[in-house]
Amino acid sequence: MFDNIYRGPVCQAERSRAMFIIEHLFHYYKKHPHKMSEVYQKIAAEESLERAVVDYISGMSDAFCVAIFEDIYIPKSLVPDANRSILAT
């Protein structure tokens, strides 16, 4: 049962997805440390940028992490109301 749940294909796919998101956020915040809150910018100055980025990401909930990733990397339409569902009409 353990193998089916924790080592099964669905769990492995989610693990790969999570690693992809976290790696991209790590590199993003290393390039843009000013996007982190002041607390983490202070950690970057006093300890290291890597430590601050790791701490910042590790403090995110799963949903917030995914939302931030989508906000950074998923293009938004420039057309007004383009994200509105067609079914809503």
Side-chain angles (χ1 to χ4, degrees):
M1 185 165 122
F2 179 88
D3 284 342
N4 289 337
I5 294 173
Y6 294 103
R7 295 187 181 143
V10 173
C11 188
Q12 291 297 332
E14 284 299 309
R15 186 174 287 118
S16 293
R17 179 177 175 250
M19 287 174 44
F20 180 86
I21 290 171
I22 291 168
E23 287 174 4
H24 278 77
L25 288 179
F26 179 79
H27 292 297
Y28 175 81
Y29 285 113
K30 276 188 67 177
K31 288 181 183 177
H32 307 282
H34 62 280
K35 298 285 188 173
M36 297 187 296
S37 69
E38 289 182 26
V39 170
Y40 294 99
Q41 291 180 37
K42 185 176 178 185
I43 291 170
E46 293 176 357
E47 296 181 36
S48 72
L49 178 56
E50 289 81 9
R51 173 84 273 148
V53 173
V54 167
D55 287 353
Y56 184 62
I57 294 171
S58 69
M60 294 179 182
S61 69
D62 294 352
F64 183 74
C65 189
V66 170
I68 290 294
F69 176 85
E70 289 175 350
D71 190 49
I72 293 168
Y73 291 106
I74 307 296
K76 279 91 178 150
S77 177
L78 299 176
V79 178
D81 295 329
N83 294 327
R84 194 173 58 121
S85 174
I86 296 171
L87 299 175
T89 57

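Aromatic ring centres of Tyr28 and His32 lie closer together than 6.0 Å.
Partners of Lys30 under the side-chain hydrogen bond (donor to acceptor under 3.5 Å, both in side chains) rule, at least two apart in sequence or in another chain, are Glu50.
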Mind listing the side-chain donor-acceptor pairs of residues 35-47 below 3.5 Å, one per line with the distance, residues two or more places apart or on another chain?
unit_1: Gln41; atom_1: NE2; unit_2: His34; atom_2: O; d: 3.2
unit_1: Gln41; atom_1: NE2; unit_2: Met36; atom_2: O; d: 2.7

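Residues in residues 9-21 take part in these salt bridge (charged side-chain N to carboxylate O under 4.0 Å, His left out) pairs, two or more places apart or across chains: Glu14-Arg17.
A donor-acceptor pair under 3.5 Å is absent between the side-chain atoms of Tyr29 and the main chain of Ile57, judged by distance alone.
Cluster membership for Val54 and Phe64, using ILVMFWY side-chain heavy atoms within less than 4.5 angstrom, is shared.
The CD1 atom of Ile72 sits 11.0 Å away from atom CD1 of Ile21, with the distance rounded to the nearest 0.5 Å. Remark: Phe26 CZ to Ser58 OG distance equals 11.5 Å, nearest 0.5 Å.
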